[in-house]
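Owing to the predicted nature of the structure, the values given are computational and were not obtained by experimental measurement. Within every chain, numbering begins at 1; the chains are lettered A, B, ... in the order of the sequence lines, protein sequences first and strands thereafter.
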Protein chains: 2
Amino acid sequence: MTRPDPVKLPEEAASVRIVLCDDHAVVRAGLRALLDSAPGIEVVGEADSGAEAVALAMKLTPDVVLMDLQLGVGLDGVEATRRITAASGGSVHVLVLTTYDTDADITRAIEAGATGYLLKAERPDELFTAIHSAAAGRTALSAPVAHRVMARMRSPRPALTDRERDILGQLARGLTNRDIAKALYLSEATVKTHLGRIYGKLDVDTRAGAVAVAKEQRLLP
Amino acid sequence: MTRPDPVKLPEEAASVRIVLCDDHAVVRAGLRALLDSAPGIEVVGEADSGAEAVALAMKLTPDVVLMDLQLGVGLDGVEATRRITAASGGSVHVLVLTTYDTDADITRAIEAGATGYLLKAERPDELFTAIHSAAAGRTALSAPVAHRVMARMRSPRPALTDRERDILGQLARGLTNRDIAKALYLSEATVKTHLGRIYGKLDVDTRAGAVAVAKEQRLLP
DNA sequence: CGTCGGCGCACCGGCTGGTTCCGGCACGCA
DNA sequence: TGCGTGCCGGAACCAGCCGGTGCGCCGACG
């Protein structure tokens, strides 16, 4: 898959070397075709899973990994991002390119060490500039993402704790309080307490509503 | 509305004329770059909304419209497909290219007149052959989709009625039975009856579970 | 004309769900 | 060391919600 390119054209600056990671082969091929036609950008590898992305990032040490967050099965985009930045010591920059601009996704990606966060709905030239920014280590957020970050700063919505996510996960399976309690080795009373706190944070007052916003905001894996 | 087309050229050599419809500008650009490099395929237009796709399909009368089903706001992909096939009398073929292979999505797309249903996770050459198939009016289903169709034929899972979808929609907003009743001008008892039937069809036994599978299977808009 | 699927309704009993209040820990900080 | 805070786990209470069952009406369809 990797073609060692013996001829390095010393242009104004060397090409930005990129690894693509997206589980959709068609859009991956599309991105490659698109980026191949762009000057100063060179796609050196493709991955269709998080694990493969990490491996390629280590082996090829590209300047930028273009990472989708939703990766079907296995390692998810956030975790892959975390491992890549950790293992490379920050020398390989991850630019997230995804469809959703949910608070949870953005936060987790940034917290995992992503250098930028771009939406697939963005104009392609934004993508090119973002890639060069990311290669230089500069943060690149697309407009809607930046807005969300700002909004979150202004009105800090409390994040769910790990335990609360556990409860919510069971709830989303349609379990009753008693069953959740059994599943997590808790008292039923405790489950209710957690649920109450969850309702507060999600601004709902019923279980069904909680499940709805949980799915909506992609709070569950 | 239908213009008589006096001469139908039996072309092997002429390119298949295509209109792209996807609300993500980046993947649209990627697809164009990919298809532009393919022989025998010519992208003649791009749309980022259902409405625009319908307009372009009428104006350009392409051989194939490559249609994503999830189109953010406005006309959704299924409705756009329905209008295009209806307005063109079937002369413009719609090839659905999307990420999800949910039963509901597949069924609705086919029922709306789509000539084919392809997943973005498919290999790009599948895409090329599917495009040519669609241009010739031949049905093109990618493997996982075909499997699902067969499975559904074998064990016909009852589809939700319109009314049941209404109820489910309100339920997914976290409303209580009483509130759903008020919202839909029903008796609370009726709401419960519908919910019971919904549980049966979705194979769950709690409201939270119903919301979960509803979101999972994309039963709600 | 039969009957079948979809819709709407009534009644009821069990028990689930939501609320409130409380204590224990771990941690950070002065 | 003492204090404040955030998170976790729990007890008790009671309203009323939920789910099940049975039934009638209607229109479509054969």
Side-chain angles (χ1 to χ4, degrees), chain A residues 103-104 107-108 111 152-153 155-215 219-220, chain B residues 103-104 107-108 111 152-153 155-215 219-220:
Chain A
D103 277 358
T107 309
R108 288 173 57 225
E111 175 269 339
R152 159 171 289 250
M153 302 293 282
S155 69
R157 281 253 296 263
L160 293 184
T161 71
D162 291 343
R163 206 55 173 145
E164 285 161 355
R165 253 193 306 278
D166 290 343
I167 308 273
L168 192 54
Q170 302 302 320
L171 178 60
R173 292 176 46 201
L175 298 190
T176 133
N177 285 345
R178 186 193 316 279
D179 294 337
I180 298 177
K182 274 187 215 152
L184 300 182
Y185 305 99
L186 285 178
S187 155
E188 187 179 338
T190 306
V191 174
K192 294 180 183 179
T193 318
H194 281 296
L195 277 182
R197 290 193 268 257
I198 292 175
Y199 294 166
K201 291 186 180 178
L202 298 189
D203 190 32
V204 297
D205 51 3
T206 71
R207 14 196 340 105
V211 173
V213 317
K215 294 279 187 183
L219 298 175
L220 302 175
Chain B
D103 276 0
T107 308
R108 288 173 58 225
E111 175 268 337
R152 158 172 291 248
M153 303 292 283
S155 69
R157 279 258 292 267
L160 294 184
T161 71
D162 292 342
R163 206 58 174 145
E164 285 162 355
R165 252 194 306 278
D166 290 342
I167 307 274
L168 191 53
Q170 302 302 319
L171 178 60
R173 292 175 47 199
L175 299 190
T176 144
N177 284 348
R178 188 193 311 281
D179 294 336
I180 299 178
K182 274 186 215 154
L184 300 183
Y185 304 100
L186 285 178
S187 155
E188 186 180 342
T190 306
V191 174
K192 294 179 185 176
T193 323
H194 282 296
L195 277 182
R197 289 193 269 259
I198 293 174
Y199 293 165
K201 290 185 180 178
L202 298 189
D203 191 32
V204 298
D205 51 3
T206 70
R207 7 190 352 98
V211 173
V213 317
K215 294 278 186 184
L219 297 176
L220 301 176

Can you tabulate the close N/O pairs, meaning under 3.5 Å, that link protein atoms to atoms of nucleotides 21-28 of chain D?
none

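- Take A:Asp103 and apply the side-chain hydrogen bond (donor to acceptor under 3.5 Å, both in side chains) test, not counting sequence neighbours, and it matches A:Arg148.
- Here B:Asp203 pairs with nothing under the salt bridge (Lys or Arg N to Asp or Glu O under 4.0 Å) rule; sequence neighbours left out.
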Check: protein-nucleotides 4-7 of chain D nitrogen or oxygen pairs below 3.5 Å:
none

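- If you measure from atom CG of B:Asp205 to atom P of C:dC15, you get 15 Å, rounded to the nearest angstrom.
- Judged as a salt bridge (Lys or Arg N to Asp or Glu O under 4.0 Å), and not counting sequence neighbours, the contacts of A:Asp166 are A:Arg163.
- Partners of A:Arg197 by side-chain hydrogen bond (donor to acceptor under 3.5 Å, both in side chains), not counting sequence neighbours: none found.
- Listed by chain and number, the residues in a side-chain hydrogen bond (donor to acceptor under 3.5 Å, both in side chains) with A:Lys192 amount to none (sequence neighbours excluded).
- Against DNA chain C, the stretch residues 173-183 of chain A makes heavy-atom approaches under 4.0 Å through A:Thr176, A:Asn177, A:Arg178.
- Among residues at least two apart or in separate chains, side-chain hydrogen bond (donor to acceptor under 3.5 Å, both in side chains) pairs with a member in residues 176-190 of chain B are B:Asn177-B:Arg207.
- Rounded to 10 degrees, the angle between the two end axes of the helix from C:dC1-D:dG30 to C:dA30-D:dT1 is 40°, with five pairs used at each end.
- Evaluation of the side-chain hydrogen bond (donor to acceptor under 3.5 Å, both in side chains) rule for A:Gln170 yields A:Arg173 as partners, not counting sequence neighbours.
- A:Asp166 has its CG atom 12 Å from the C1' atom of D:dC8, to the nearest Å.
- Between B:Leu195 atom CG and C:dC9 atom P the separation is 14 Å, expressed in whole Å.
- A:Leu202 is listed as a side-chain neighbour of A:Leu219, based on a closest heavy-atom distance under 4.5 Å.
- The distance between atom CG of B:Leu168 and atom C1' of C:dC7, rounded to the nearest whole Å, is 17 Å.
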